Asker: 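Provided herewith is a single structure, encoded as structure tokens, for subsequent inquiry.
Below, each value reflects all heavy atoms present in this structure, side chains not excepted, and no hydrogens, waters or symmetry copies. Computed from a prediction, not measured in an experiment: that's the story for all the values here.
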Amino acid sequence: MDIFNNLSHIDFSLFLLSAFIIISSIIFACEIIEKFSKLIGRPVKWVQNNEKDHLLLTENTQELNELKRDVKKLTEMFIDKQIDDMRYEILHFASALSGGGEFSKEPFDHILKTYEKYEKILEENNMTNGQVQMSMEVINDIYKEKLKNGFNRGEIQ
């Protein structure tokens, strides 16, 4: 019970003020030691460690920024390659159809799915479609005609 009685007599505002003054004094003393050690050219060990940590952090930040740029560049290159491959596949298929090539339903289905993926990639990257749109019109027209009249099963290219 004496402990509780003693605690009830403590002036907590004075206690907090005293703690604040002590902590502030310690921080101020550390800063003075740090500045003085830098001034005389003989940094204290913990000051050297802080500087090394700061330098290491700065280097890591720079390397991370370079890595981000490289990843972004590789991503853009990959997307461009994907778009080019899909575009080529669609244009090649349309050209083969225009040249009289006969295909079963499966290649048509594949090209239609490829076109959906192609459009999605373009949309996600704020790009537009050009030649492929016209080729898809040709493919869709022939596909509709084949759906009505039937596909030639024996002539797959």
Asker: Does V132 reach the side chain of M86, with side-chain heavy atoms less than 4.5 Å apart?
Answerer: no

Asker: Determine whether K81 and E76 satisfy the following criterion, salt bridge (charged side-chain N to carboxylate O under 4.0 Å, His left out), listing intermediate values before the conclusion.
Answerer: CA-CA 9 Å; K81 174 78 169 115; E76 289 170 355; over 6 Å; no

Asker: Scan side-chain atoms only and decide if D109 and Y143 contain a donor-acceptor pair under the 3.5 Å cut-off.
Answerer: yes

Asker: Go through the side-chain N and O atoms of Y115 and Q133 and say whether any donor and acceptor fall under 3.5 Å apart.
Answerer: yes

Asker: Begin with the C-alpha distance, continue with both residues' side-chain angles, and end with the deciding distance and a verdict on side-chain contact (heavy atoms from CB on, under 4.5 Å) for E102 and K146.
Answerer: CA-CA 10 Å; E102 290 290 330; K146 296 284 185 183; 2.4 Å; yes

Asker: Just by modelled atom types, is the L91 backbone N or O under 3.5 Å from a matching donor or acceptor in the S95 side chain?
Answerer: no

Asker: Drop me the distance from K144's NZ to N149's CG, to the nearest 0.5 angstrom.
Answerer: 14.0 Å

Asker: Is there a side-chain contact between E63 and L67 in this structure, where contact means two heavy atoms from C-beta onward sitting under 4.5 Å apart?
Answerer: no

Asker: Using 0.5 Å steps for rounding, measure from the CG atom of D70 to the CE atom of M77.
Answerer: 10.5 Å

Asker: Walk me through whether R87 and D84 qualify under salt bridge (charged side-chain N to carboxylate O under 4.0 Å, His left out).
Answerer: CA-CA 5 Å; R87 181 179 293 136; D84 287 344; 3.4 Å; yes

Asker: To the closest 0.5 Å, what do you measure between CD1 (I27) and CD1 (I32)?
Answerer: 12.5 Å

Asker: Aromatic rings F108 and F93: how do their planes relate, parallel, tilted or perpendicular, breaks at 30° and 60°?
Answerer: perpendicular

Asker: Enter the distance from I83:CD1 to I121:CD1 here, rounded to the nearest 0.5 Å.
Answerer: 6.0 Å

Asker: To the nearest 0.5 Å, what is the distance between CG on L122 and CD1 on I79?
Answerer: 10.5 Å

Asker: Can you name the nearest heavy-atom pair linking I139 to I90, along with the distance?
Answerer: CD1-O, 3.8 Å

Asker: In Å and rounded to the nearest 0.5 Å, what is the OG1 to CG distance from T61 to L56?
Answerer: 9.0 Å

Asker: So, are E89 and K117 salt-bridged, with charged N and O less than 4.0 Å apart?
Answerer: no

Asker: Could you check whether any side-chain heavy atom of K120 comes within less than 4.5 Å of a side-chain heavy atom of E116, counting everything from C-beta outward?
Answerer: no

Asker: Less than 4.5 Å apart, side chain to side chain, heavy atoms only: is that true for M136 and I111?
Answerer: yes

Asker: With the 4.5 Å side-chain cut-off for hydrophobic clustering, are M134 and Y88 part of the same group?
Answerer: no

